[in-house]
Amino acid sequence: MTKVAAIVGPTAVGKTASSIQIARDLDGEVISGDSMQVYKGLDIGTAKIMPDEMQGIPHHLINIRQADEHFSVADFQDLANRQINEIAGRGRLPLIVGGTGFYVQALVDNLNLGSNGNAEDPAIRKKWEDYGHAYGKQALWNKLQSLDSEATAKIPVNNVRRVVRALEVISVTGQPFSQQPQHDNENQFYLIGLTTDRKVLYQRINQRVDLMVKNGLVEEARQLWDAGGPNWQSGKGIGYHELFPYFAGQCSLNEAINKIKLDSRHYAKRQLTWFRNKMNVHWYDLVSGKDSTKEIEVDLKNWLKK
RNA sequence: GGAGGGGUAGCGAAGUCUGGCUAAACGCGAUGGACCGUAAAUCCAUUCCUUCGGGUUCGGUGGUUCGAAUCCACUCCCCUCCA
């Protein structure tokens with residue numbers, strides 16, 4: 001049993017900044033819990049921490065994939081767990097920092113993903129996607145229902161993505177999606193949630209996007225575009241995919257930038273929904289000054305002593 | 001001063017000719033939510049007020065009518081063009 005701390009929250013609340021302070025004060029190492037910062041070359045748009053900002057704190061799971069590579073929750077879960085063990089083995093505190101709720105949850109709840117072998121198969125996925133294209137999403141959903149009506153009860157017809165995934169799991173594992181085995185949790189987590197007034201958060205997001213553009217976001221996105229990014233998973237990232245239509249001459253730069261801001265705000269909202277409802281988070285508002293990093297550290301230390 | 005065009009819910013925008021089926025399409029935004037291997041993905045719900053019985057709306061006022069966002073009169077504001 002290992003004790004792990006995690007800092008979660010929406011984009012632009014200041015997770016990175018406080019993570020450094022906490023890691024320093026509590027002798028921790030950071031494990032990024034971010035689905036986009038794993039990619040090399042996506043620095044500005046993902047607000048990735050740069051080496052000169054790390055203050056000597058080791059950071060893991062950043063820049064571990066090429067931009068054209070695939071990465072999944074299971075990969076994350078696997079790698080993160082490995083890091084947790086190594087860091088704990090060094091006698092230091094593993095500190096997960098990131099906004100990808102699904103990733104963090106996979107870790108915290110030890111979701112059954114990576115343990116039973118390779119349950120992901122692009123060819124089979126493609127097969128179901130094609131099936132959907134050919135016969136429609138209703139037919140696709142019906143197919144799932146005939147195989148796993150329990151899964152179908154939870155996945156809407158319109159959510160083709162998840163219907164396909166459920167079908168894929170059945171095809172690959174031979175077991176219904178809804179009956180994949182579950183594990184118990186081995187590690188203990190203290191979840192620090194950073195949040196603030198919604199209006200303020202949105203302002204920060206807008207400002208940060210402007211800053212990103214100033215720092216060369218457009219050029220960075222252009223490189224991704226030139227390299228073939230639109231077809232890659234990394235090309236789905238906010239801050240990048242909104243710029244592609246601009247490169248294609250389909251919208252103005254200004255429109256693209258506004259879209260980045262909007263998508264970021266929507267994203268922040270979804271993140272908040274996730275952390276509010278799916279996890280046992282201890283919330284702090286550092287932005288307004290209502291709470292302080294000191295308080296977080298005190299709470300964290302108390303929890304570590306238990 | 002003259003000639004046209006327009007004012008509809010947070011915003012944009014239908015509906016007006018052919019009055020009722022319209023608390024008023026649709027889009028956006030906003031808010032809430034789902035989420036078990038693409039998750040910065042994908043999807044869902046709500047959005048005039050409401051004590052959920054109902055109440056009050058389509059610039060304003062007054063008419064016509066069983067009934068008006070829709071027809072008539074007057075009036076206020078906005079835009080374009082001509083002076």
Under the salt bridge (Lys or Arg N to Asp or Glu O under 4.0 Å) test, residues paired with A/Arg65 that sit two or more places apart
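If we apply the salt bridge (Lys or Arg N to Asp or Glu O under 4.0 Å) test to A/Arg65, skipping adjacent residues, the hits are A/Asp75.
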
Spacing between [X] atom [atom1] and [N] atom [atom2], to the nearest angstrom:
X: A/Glu150; N: B/C36; atom1: CD; atom2: P; value: 13 Å
X: A/Asp109; N: B/C36; atom1: CG; atom2: C1'; value: 10 Å
X: A/Leu167; N: B/C36; atom1: CG; atom2: P; value: 14 Å
X: A/Phe76; N: B/U38; atom1: CZ; atom2: C1'; value: 15 Å
X: A/Glu168; N: B/U38; atom1: CD; atom2: P; value: 7 Å
X: A/Leu107; N: B/C36; atom1: CG; atom2: C1'; value: 14 Å
X: A/Gln233; N: B/U38; atom1: CD; atom2: P; value: 8 Å
X: A/Asn110; N: B/G37; atom1: CG; atom2: P; value: 14 Å

Which is true for [X] with a 4.0 Å heavy-atom rule: it touches a base, it touches only sugar-phosphate, or it touches nothing?
X: A/Phe71; answer: sugar-phosphate
X: A/Gly45; answer: base
X: A/Thr11; answer: nothing
X: A/Leu262; answer: sugar-phosphate

Nearest listed nucleotide, side chain of A/Val169, among B/G37, B/U38, B/A40
B/G37

Run the side-chain contact (heavy atoms from CB on, under 4.5 Å) test on A/Leu26 and A/Lys301 for me, step by step, so that the C-alpha distance in whole Å, both residues' side-chain angles and the decisive distance to 0.1 Å come before the verdict.
CA-CA 8 Å; A/Leu26 303 209; A/Lys301 279 175 186 161; 3.3 Å; yes

Watson-Crick or G-U wobble partner of B/U47, both distances under 3.5 Å
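Result: B/G29.
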
Write down the partner of B/C81 under the Watson-Crick or G-U wobble criteria, each distance required to be under 3.5 Å.
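B/G2 is the nucleotide pairing with B/C81.
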
Can you tell me how far [atom1] in [N] sits from the matching atom in [M], rounded to whole Å?
N: B/A69; M: B/G60; atom1: P; result: 11 Å
N: B/G4; M: B/G27; atom1: C1'; result: 29 Å
N: B/U51; M: B/U16; atom1: C1'; result: 37 Å
N: B/C35; M: B/C48; atom1: C1'; result: 33 Å
N: B/C43; M: B/C11; atom1: P; result: 29 Å

Compare every heavy atom of [Y] with every heavy atom of [X], then report the nearest pair and how far apart it is.
X: A/Met1; Y: A/Gln188; result: SD-CG, 3.5 Å
X: A/Val157; Y: A/Gln138; result: CG1-OE1, 3.7 Å
X: A/Asn63; Y: A/Lys40; result: O-CE, 3.2 Å
X: A/Ile96; Y: A/Val4; result: CG1-CG1, 3.8 Å
X: A/Leu201; Y: A/Thr11; result: CD1-O, 3.5 Å
X: A/Val104; Y: A/Gly98; result: CG2-O, 4.3 Å

Using 30° and 60° as the class boundaries, would you call the ring planes of A/Phe275 and A/Trp283 parallel, tilted or perpendicular?
perpendicular

Specify whether A/Tyr103 and A/Phe76 have parallel, tilted or perpendicular ring planes, treating 30° as the upper limit for parallel and 60° as the lower limit for perpendicular.
parallel

What do you reckon, is NZ of A/Lys143 surrounded by more than 12 foreign heavy atoms closer than 6.0 Å?
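Counting neighbours around NZ of A/Lys143, 12 or fewer heavy atoms of other residues, nucleotides or ligands fall under 6.0 Å, so no.
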
Among all residues two or more places apart in sequence or in another chain, which pass the side-chain hydrogen bond (donor to acceptor under 3.5 Å, both in side chains) test with A/Asn85?
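None.
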
N/O contacts under 3.5 Å, protein versus nucleotides 33-35 of chain B?
| residue | atom | partner | partner atom | Å |
| --- | --- | --- | --- | --- |
| B/G33 | OP1 | A/Asn277 | OD1 | 3.4 |
| B/G33 | OP1 | A/Asn277 | ND2 | 3.4 |
| B/G33 | OP2 | A/Arg276 | NH2 | 2.5 |
| B/A34 | OP2 | A/Asn277 | ND2 | 3.2 |
| B/C35 | OP2 | A/Lys278 | NZ | 2.5 |
| B/C35 | O5' | A/Lys278 | NZ | 3.4 |
| B/C35 | O3' | A/Arg162 | NH2 | 3.2 |

For B/G33, decide between syn and anti, treating a glycosidic angle within 90° of 0 as syn.
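Anti conformation here, the glycosidic angle of B/G33 being more than 90° from 0.
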
Does A/Lys15 use its side chain to pair, donor to acceptor, with the backbone of A/Leu194 at less than 3.5 Å?
no

Is there a side-chain contact between [X] and the phosphate of [N], meaning an N or O under 4.0 Å from OP1 or OP2?
X: A/His266; N: B/G29; value: yes
X: A/Ser72; N: B/U38; value: no
X: A/Thr100; N: B/A40; value: yes
X: A/Tyr103; N: B/A39; value: yes

Review item, side-chain donor-acceptor pairs of residues 242-250 of chain A, under 3.5 Å, at least two apart:
| residue | atom | partner | partner atom | Å |
| --- | --- | --- | --- | --- |
| A/Glu242 | OE1 | A/Gly239 | N | 2.7 |
| A/Glu242 | OE1 | A/Tyr240 | N | 3.4 |

Let's see if you get this right: which residues in residues 125-143 of chain A place a heavy atom under 4.0 Å from RNA chain B?
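Nucleic-acid contacts, sorted: A/Arg125, A/Glu129.
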
Sub-4.0 Å heavy-atom contacts from residues 187-226 of chain A onto RNA chain B, ordered by number:
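Output list: A/Arg198, A/Tyr202.
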
